[in-house]
Amino acid sequence: MRIMTEEAVLRLDTSLAEGYTSAPQRVRVMTEHWVGLHVPCPACGGHLVHYPNNRKVADFFCPSCRLDFELKSGKGPMQPRVPDGAYDSMVGRIRSSSAPAFFFLQYDTALNIRNLFVTPPHFLTEQIIERRAPLSDTSRRAGWVGCNIITDHIPSGGRIFYVRDGERRPMEEVRAQYHSTAFLSGQSVRGRGWLVSMMACIEELPDRCFSLADLYRFVPRLQAQFPRNRHIEDKIRQQLQVLRDNGYLIFEGRGMYRRV
């Protein structure tokens with residue numbers, strides 16, 4: 001049996017795209033084949049199964065975990081906004097806790113896999129979904145409203161790398177990171193929205209140790225994300241307690257916290 005080198009494993013197979021004239025189709029065939037061959041489920045380590053091509057809600061699923069996965073691929077640096085499907089459909093899936101996990105795959109001009117991370121479904125919140133403008137009246141799908149995934153709003157806990165800068169991570173590390181934030185899946189939809197937004201704010205702070213006053217600087221942003229809440233500072237304190245109780249933060253006393 002021929003053993004593939006690490007360099008060969010991280011390269012897309014161009015022979016699979018022969019016969020396809022559309023560049024997006026060629027990329028889809030190559031990247032989906034690569035993920036199906038080399039990427040286990042981040043929750044259980046099981047083999048992922050490819051959905052039929054005409055299924056619109058996902059690209060892969062895990063028979064053991066019953067998790068759905070969508071794959072987003074692109075050449076060059078990861079974009080801060082990644083287009084997805086219909087806005088209403090995505091929001092509906094988030095509210096019904098049936099959102100898929102997302103694979104974000106980046107390859108270079110030589111078709112080498114440079115980065116691949118998965119965002120678990122419990123990090124998919126309405127606050128990272130952006131409504132796009134409706135299609136014009138002259139378009140074939142006039143009035144259709146799509147959405148973008150704002151990848152810049154996904155905290156590091158929701159960016160679980162299989163491949164980073166061309167290097168594969170051990171699968172045990174991938175699974176450990178996935179389960180370290182599983183507590184989010186037990187929260188209400190609105191509760192998850194708050195916690196994920198708080199985690200993103202905390203990660204923007206320059207130091208791992210911070211005070212309540214440091215977080216209060218994000219009140220305007222959080223007010224914009226949660227316009228119905230009129231007690232943002234109270235909510236910040238409440239969410240810090242949840243993050244502390246679940247091991248994401250350590251309370252140092254006197255209003256000081258440290259990110260683990």
Side-chain angles (χ1 to χ4, degrees), residues 24-25 27-28 31-32 35 39 41-43 48-62 65-74 78-106 115-137 139-160 178 181-201 221-222 224-229:
Q25 285 183 325
V27 169
R28 176 184 59 79
T31 55
E32 288 183 359
V35 168
V39 180
C41 174
L48 300 184
V49 176
H50 195 289
Y51 273 122
N53 288 336
N54 59 357
R55 186 177 176 94
K56 296 182 179 180
V57 297
D59 299 308
F60 300 91
F61 73 97
C62 176
C65 300
R66 311 309 301 173
L67 284 176
D68 283 341
F69 297 85
E70 282 194 32
L71 172 62
K72 299 294 181 183
S73 304
M78 176 63 64
Q79 298 301 307
R81 284 170 168 78
V82 176
D84 196 50
Y87 174 80
D88 287 342
S89 295
M90 175 55 78
V91 170
R93 296 192 71 183
I94 289 173
R95 291 175 179 175
S96 64
S97 297
S98 63
F102 276 85
F103 288 124
F104 295 94
L105 184 152
Q106 176 217 350
N115 292 287
L116 170 69
F117 68 84
V118 63
T119 294
H122 44 261
F123 277 91
L124 267 291
T125 69
E126 292 184 50
Q127 287 68 43
I128 71 167
I129 303 300
E130 179 182 62
R131 186 181 189 273
R132 298 209 304 263
L135 295 182
S136 67
D137 293 339
S139 68
R140 185 169 58 86
R141 293 189 295 170
W144 183 83
V145 178
C147 69
N148 295 320
I149 301 171
I150 309 176
T151 57
D152 283 355
H153 289 185
I154 301 174
S156 63
R159 296 167 175 256
I160 304 173
Y178 186 95
T181 59
F183 68 90
L184 290 170
S185 62
Q187 304 291 323
S188 67
V189 173
R190 188 166 182 81
R192 281 194 290 112
W194 264 100
L195 289 169
V196 171
S197 292
M198 284 290 297
M199 292 165 81
C201 292
R221 177 203 292 186
L222 294 168
Q225 292 181 339
F226 303 94
R228 295 183 181 180
N229 193 299

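As the structure is a computational prediction, the values presented were derived from the model and not from experiment.
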Asker: Should His50 and Glu32 be marked as a side chain to side chain donor-acceptor pair (under 3.5 Å) after you check the CA-CA gap, both sets of side-chain angles, and the distance that decides it?
Answerer: CA-CA 8 Å; His50 195 289; Glu32 288 183 359; 2.6 Å; yes

Asker: Answer whether the closest heavy-atom distance between the side chains of Leu105 and Asn115 falls below 4.5 Å.
Answerer: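 They are not in contact (no side-chain heavy atoms under 4.5 Å apart), so the answer is no.
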
Asker: What do the steps show when you test Leu116 against Gln106 for side chain to side chain contact (heavy atoms under 4.5 Å, CB included), and what is the final call?
Answerer: CA-CA 6 Å; Leu116 170 69; Gln106 176 217 350; over 6 Å; no

Asker: What distance separates Ser97 OG from Leu124 CG, expressed to the nearest 0.5 Å?
Answerer: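 Interatomic distance, Ser97 OG to Leu124 CG, rounded to 0.5 Å: 11.0 Å.
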
Asker: Please tell me if the side chains of Phe102 and Ile149 come closer than 4.5 Å, counting only heavy atoms from C-beta onward.
Answerer: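 Yes. Closest side-chain heavy atoms under 4.5 Å.
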
Asker: Hey, could you give me the CZ/CG distance between Arg140 and Leu135, rounded to the nearest 0.5 Å?
Answerer: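 Arg140 CZ to Leu135 CG: 9.5 Å, rounded to 0.5 Å.
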
Asker: Is Phe60 close to Asp68 at the side-chain level, that is, under 4.5 Å between some pair of heavy atoms?
Answerer: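 Counting from C-beta outward, Asp68 and Phe60 never come under 4.5 Å.
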
Asker: Which atom pair, heavy atoms only, marks the closest approach of Phe123 to Ile128?
Answerer: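 Closest heavy-atom pair between Phe123 and Ile128: O-CD1, 3.5 Å.
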
Asker: Do Arg132 and Trp144 come close enough that some side-chain heavy atom pair is under 4.5 Å?
Answerer: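 Yes, at least one pair of side-chain atoms sits under 4.5 Å.
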
Asker: I'd like to check Met198 versus Leu222 (side-chain heavy atoms, cut-off strictly below 4.5 Å). Are they in contact?
Answerer: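 Yes - at least one pair of side-chain heavy atoms lies under 4.5 Å apart.
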
Asker: Within the distance-only criterion (no hydrogens, no angle test), does the side chain of Arg131 pair as donor or acceptor with the backbone N or O of Cys147 below 3.5 angstrom?
Answerer: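 It does not hold such a pair.
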
Asker: Identify, with sequence neighbours excluded, every residue that meets salt bridge (charged side-chain N to carboxylate O under 4.0 Å, His left out) alongside Arg141.
Answerer: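 With neighbours one apart ignored, the set is empty.
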
Asker: To the nearest 0.5 Å, tell me how far Ser73 OG sits from Phe104 CZ.
Answerer: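 Rounded to the nearest 0.5 Å, the OG-CZ separation comes to 10.5 Å.
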
Asker: Using 4.0 Å as the upper bound for N to carboxylate O, is an ion pair formed by Asp84 and Lys72?
Answerer: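 Salt bridge: yes.
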
Asker: Considering all heavy atoms of both residues, which atom of Glu70 and which atom of Pro100 are nearest to each other, and what is their separation?
Answerer: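 Between these two residues, the closest heavy atoms are OE2-CG, 3.8 Å.
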
Asker: Taking the side chain as every heavy atom from C-beta outward, state whether Val118 and Pro42 have any pair of such atoms under 4.5 Å apart.
Answerer: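 The answer is yes, as the side chains (C-beta and beyond) meet within the 4.5 Å cut-off.
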
Asker: Hey, is Asp88 close enough to Arg95 for a salt bridge, meaning N to O under 4.0 Å?
Answerer: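 No, this pair does not count.
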
Asker: Can you give me the closest heavy-atom contact between Ala200 and Pro155, atom names plus distance?
Answerer: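 Shortest heavy-atom separation between Ala200 and Pro155 comes out as N-CG, 3.8 Å.
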
Asker: Write down the atom of Gln187, the atom of Gly191, and the distance for their closest heavy-atom approach.
Answerer: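 Here Gln187 and Gly191 meet closest at CB-C, 4.3 Å.
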
Asker: Sort out for me which residue in Gln127, His153, Gln225 forms a side chain to side chain donor-acceptor pair (under 3.5 Å) with Ser197.
Answerer: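 Only one option passes, and that is Gln225.
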
Asker: Which heavy atom of Arg221 sits nearest to which heavy atom of Cys201, and what is that distance?
Answerer: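 Here Arg221 and Cys201 meet closest at NH1-SG, 3.6 Å.
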
Asker: For the CE atom of Met78 and the CZ atom of Arg159, what is their distance to the nearest 0.5 Å?
Answerer: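 Here the rounded value is 7.5 Å.
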
Asker: For Gly158, does its backbone N or O pair with a side-chain atom of Thr119 as donor and acceptor, under 3.5 Å?
Answerer: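 Checking the backbone N and O of Gly158 against the side chain of Thr119, a donor-acceptor pair under 3.5 Å is found.
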
Asker: Centroid separation under 6.0 Å, is that true for the rings of Phe61 and Tyr51?
Answerer: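 Yes, the ring of Tyr51 comes within the 6.0 Å limit of the ring of Phe61, centre to centre.
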
Asker: Taking the six-membered ring for Trp, are the ring centroids of His122 and Tyr178 within less than 6.0 Å of each other?
Answerer: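 Yes, ring centres under 6.0 Å apart.
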
Asker: Taking all non-hydrogen atoms of both residues into account, name the closest pair between Asn148 and Pro83 and its distance.
Answerer: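 Shortest heavy-atom separation between Asn148 and Pro83 comes out as OD1-CA, 3.5 Å.
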
Asker: Answer whether the closest heavy-atom distance between the side chains of Leu48 and Phe103 falls below 4.5 Å.
Answerer: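 Yes, side chains in contact.
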
